[in-house]
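What follows is a single structure, written as C-alpha cells, with notes after it.
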Amino acid sequence: MAGFGGAIKNISIGIASSEGKSWIHTGGTSKSGFSGNQNDFLESMAEAGKSVSDRMGNGKKMVYVNVMNNLSVDCDCNGNPAEPEMEDIGILASTDPVALDQACIDLVYRQKDGDDRALVNRIESRNGLLTLQHAEEIGLGSRSYELKVIDGTQ
C-alpha cells in the first residue's frame, strides 16, 4: 500500500499498536480496518513517523538502517510475497529517515535489474513518493543527502 518500505514505514507502522496501524492505514478515520484514502494513508505514515522521532528527542536518539537486498514489490507483512525483483543494493544508514529513504529510492530508480521495473511501477502506482514529500514538509527530515560509500576494503 505504501509503494515501498523504508525507515519511515518502519518507525510508523512498524512501531504502532494494532489500533495505531489501523489509524495510520485509514488516514486517521478508523481504529479498525486497513482501507482508506491512499494519500491520507501516506501522509499519516509520515506524521506517525514524526511523532516517534519527536518522542525520541527529535530524532537525536535514533539511527536508521535500511537493508536493501532481494527487493520485492510486496510488503514483508505478506505471507506469500512476489519473488525479488532486484538483487542486493547495499546497506544504508542515517540519522535522517527522510534522507535515508530518498537515497534508497534514488538507488532503486538507478538499478538495471528487472525487465518490467515492477518495483518502480509499484512505487509510482501507489504515489509512494508523497510520503517523502510530506515528511519533509512537516519537518521529519530532508530529502537532500550526501551518499558516502564504505566498502570495507579501505
Decide yes or no for [X] and [Y]: does some side-chain heavy atom of the first lie under 4.5 Å from some side-chain heavy atom of the second?
X	Y	result
V108	M68	yes
D88	L71	no
C104	L92	yes
N70	E83	no
H25	I13	yes
Y109	E124	yes
K148	E146	yes
R122	F4	no

CG (N80) and CG (D74) are apart, to the nearest 0.5 Å, by 8.5 Å

Report task. Using only heavy-atom distances, determine whether the side chains of D106 and Q102 contain a donor-acceptor pair under 3.5 Å. Result -> yes

Taking atom types as modelled, is there a side-chain donor on Y64 or D96 under 3.5 Å from an acceptor on the other? no

Looking at [X] and [Y], would you say the former's side chain and the latter's main chain have a donor-acceptor pair under 3.5 Å?
X	Y	value
Q111	M86	no
S17	G20	yes
K21	A16	yes
N66	A7	yes

Please determine whether the number of non-hydrogen atoms from other residues, nucleotides or ligands lying under 6.0 Å from atom CD1 of I138 exceeds 12.
yes

Mark yes when over 12 heavy atoms from residues, nucleotides or ligands other than E137 sit less than 6.0 Å from its CD; otherwise mark no.
-> yes

- Can T26 and K31 be said to form a side-chain contact (heavy atoms from CB on, under 4.5 Å), step by step? CA-CA 8 Å; T26 63; K31 291 190 237 181; over 6 Å; no

Between I8 and A46 the two heavy atoms that sit nearest each other are CG2-CA, 4.0 Å

- Task: Decide, yes or no, whether a salt bridge links D101 with R143 under the criterion of side-chain N to carboxylate O below 4.0 Å.
- Result: no

